[in-house]
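Right, one structure below, let's go through it.
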2 protein chains.
Amino acid sequence: MRRKEGNKEADILAAAIRIFARDGFHQAKILHIAEAADVSVGTVYLYFENKNHLLRKIFESLWDSLLTRSEALVNDPSLDPLQKIDGIVDVVFDSFSQNPSLGAVFQKDMHLVQRPEHPRFGDYLNRFMRLGEKILREGQSRGIFHPETDARVTVTFIFGGLRFSINQWTLNPVPENLELFRAGVKRLLRGGLSLV
Amino acid sequence: MRRKEGNKEADILAAAIRIFARDGFHQAKILHIAEAADVSVGTVYLYFENKNHLLRKIFESLWDSLLTRSEALVNDPSLDPLQKIDGIVDVVFDSFSQNPSLGAVFQKDMHLVQRPEHPRFGDYLNRFMRLGEKILREGQSRGIFHPETDARVTVTFIFGGLRFSINQWTLNPVPENLELFRAGVKRLLRGGLSLV
DNA sequence: ATTAAAAATGAATACAAATTCAGCTATAAT
DNA sequence: ATTATAGCTGAATTTGTATTCATTTTTAAT
């Protein structure tokens, strides 16, 4: 028998993230992913059924990580709602800080898996949104958030803002800039623009 | 000679927006666009060089409209910075209220034209962002916006939030929901989440 | 009525790239 | 040393669809 050397599955997945980030899913060529992973084209198909599965795997593990961390945060009774909002911002930024390419894929290609034929991915997003809404409603019922805030609308806006911010950061992914985004977003969410 | 009947160019463009919105640019078939526009495949190529040009035309006219209206708003001396922020929100929502499909394309396919080989589209986005930053800095120098707000970061977040909000609205594009988004976003931007 | 040429058609073509698979390679077991 | 077989390769195949263009249709002018 022959033994597998290294971890080709992980190498291919990491390469796919880089190539999808650079070229976008549909422009990305399997040959380029194979080259970036230092394997042959055929090997990509030994580990992944096809190109679409590659993308789905990327989003599955991303959502798993985002949801696991966010759920822990939301259910932590030692945190107040404002700390939970900051925590969600941290969860999202920290999920991409070590892998800017993943952030670019998250922005550019999420809609490719979010289709009626793959309800799983719609569920992921809904679960994430519901966590956000839960924080907002908790803050409202405790009297520390504006009562007239529409939770659904606000969470949608925040999700879009975070996602695009991450994508813009990936254009020049230096850690200092991510910290600027992190602080700026928290500031805006807490207090808004207006001084009064 | 034969005379053109109707306005096929406009019909094709409108059909392309619908099909791109439904299927995404790369999944969309020229045949489906032709059918939706009630013309033949060949006719699409009489009016547009190729599929990419179709997408570029959509974004060109969208950006022209967004920038023209936003520039007028930002340069209106009768408005204070907070009114200008509300105005930008209105400009964006109003640009899609009559055509939800355009909103879906704006979210899903913008990155396809935003590439180094088409600097024009990078410029459009930059111009739009600079208008937003101008409003924020004006508000800060007038002492009505938080001085520690980072204009670039904040504008990026707002842009992403608006774009994703529009896209979520297009999933169920009833006017009442758009008004919920409009009011909710303005509320959040003005005062943030926290009551204190 | 006939004609000229613009407008429109859609079957045929071209082509890019995803996917396959027959053959090759490396290694664990004997 | 030999063998069996899992792991890997990449040229050849298949597939899907964008694009072309020879042909047909329409209508304005004569």
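We name chains A, B, ... by the order of the sequence lines, and we start the count at 1 in each one.
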Cationic N near anionic O, under 4.0 Å, B:Arg142 to B:Glu138: yes
d(CD1, B:Ile33; C1', D:dT19) in whole Å: 13 Å
Sugar-phosphate, base or nothing in reach of A:Phe48, heavy atoms under 4.0 Å: nothing
Atom pairs, protein N/O to nucleotides 11-17 of chain D N/O, distance under 3.5 Å:
| from | atom 1 | to | atom 2 | distance (Å) |
| --- | --- | --- | --- | --- |
| D:dT17 | OP1 | B:Lys29 | NZ | 2.9 |

Donor on one side chain, acceptor on other, B:Arg187 and A:Thr154, under 3.5 Å: no
Spacing between B:Glu49 atom CD and D:dA18 atom P, to the nearest angstrom: 16 Å
Test applied, side chain to side chain contact (heavy atoms under 4.5 Å, CB included); reference residue, B:Leu73; option that passes from B:Asp90, B:Leu131, B:Asp86, B:Leu79: B:Leu79
Gap between atoms NE2 and P, on B:His53 and D:dT20 respectively (whole Å): 12 Å
Any B:Thr43 side-chain nitrogen or oxygen under 4.0 Å from OP1 or OP2 of C:dA8: no
Contact nearer the 5' end of DNA chain D, comparing B:Leu31 with A:Tyr47: A:Tyr47
CD1-CD1 distance between B:Ile135 and B:Ile158, expressed to the nearest 0.5 angstrom: 9.0 Å
Sugar-phosphate, base or nothing in reach of A:Leu46, heavy atoms under 4.0 Å: base
Between C1' of D:dC8 and CD1 of A:Ile12, the distance in whole Å: 11 Å
B:Phe164 and A:Phe164: CA distance, side-chain angles, deciding distance, ring pair (Phe, Tyr, Trp, His ring centres under 6.0 Å) verdict: CA-CA 9 Å; B:Phe164 188 67; A:Phe164 188 66; over 10 Å; no
Length of the CG-C1' vector between B:Leu55 and D:dA18, whole Å: 15 Å
Ion pair B:Glu133/B:Arg130, N-O distance below 4.0 Å: no
Length of the OH-P vector between B:Tyr45 and D:dA18, whole Å: 6 Å
Between P of C:dA18 and CG of A:Asp23, the distance in whole Å: 11 Å
Spacing of A:Asn52 atom CG relative to C:dT19 atom P, expressed in whole Å: 7 Å
Donor/acceptor link under 3.5 angstrom from B:Arg2 side chain onto base of C:dA7: yes
Salt bridge flag under 4.0 Å for residues B:Asp94 and B:Arg182: yes
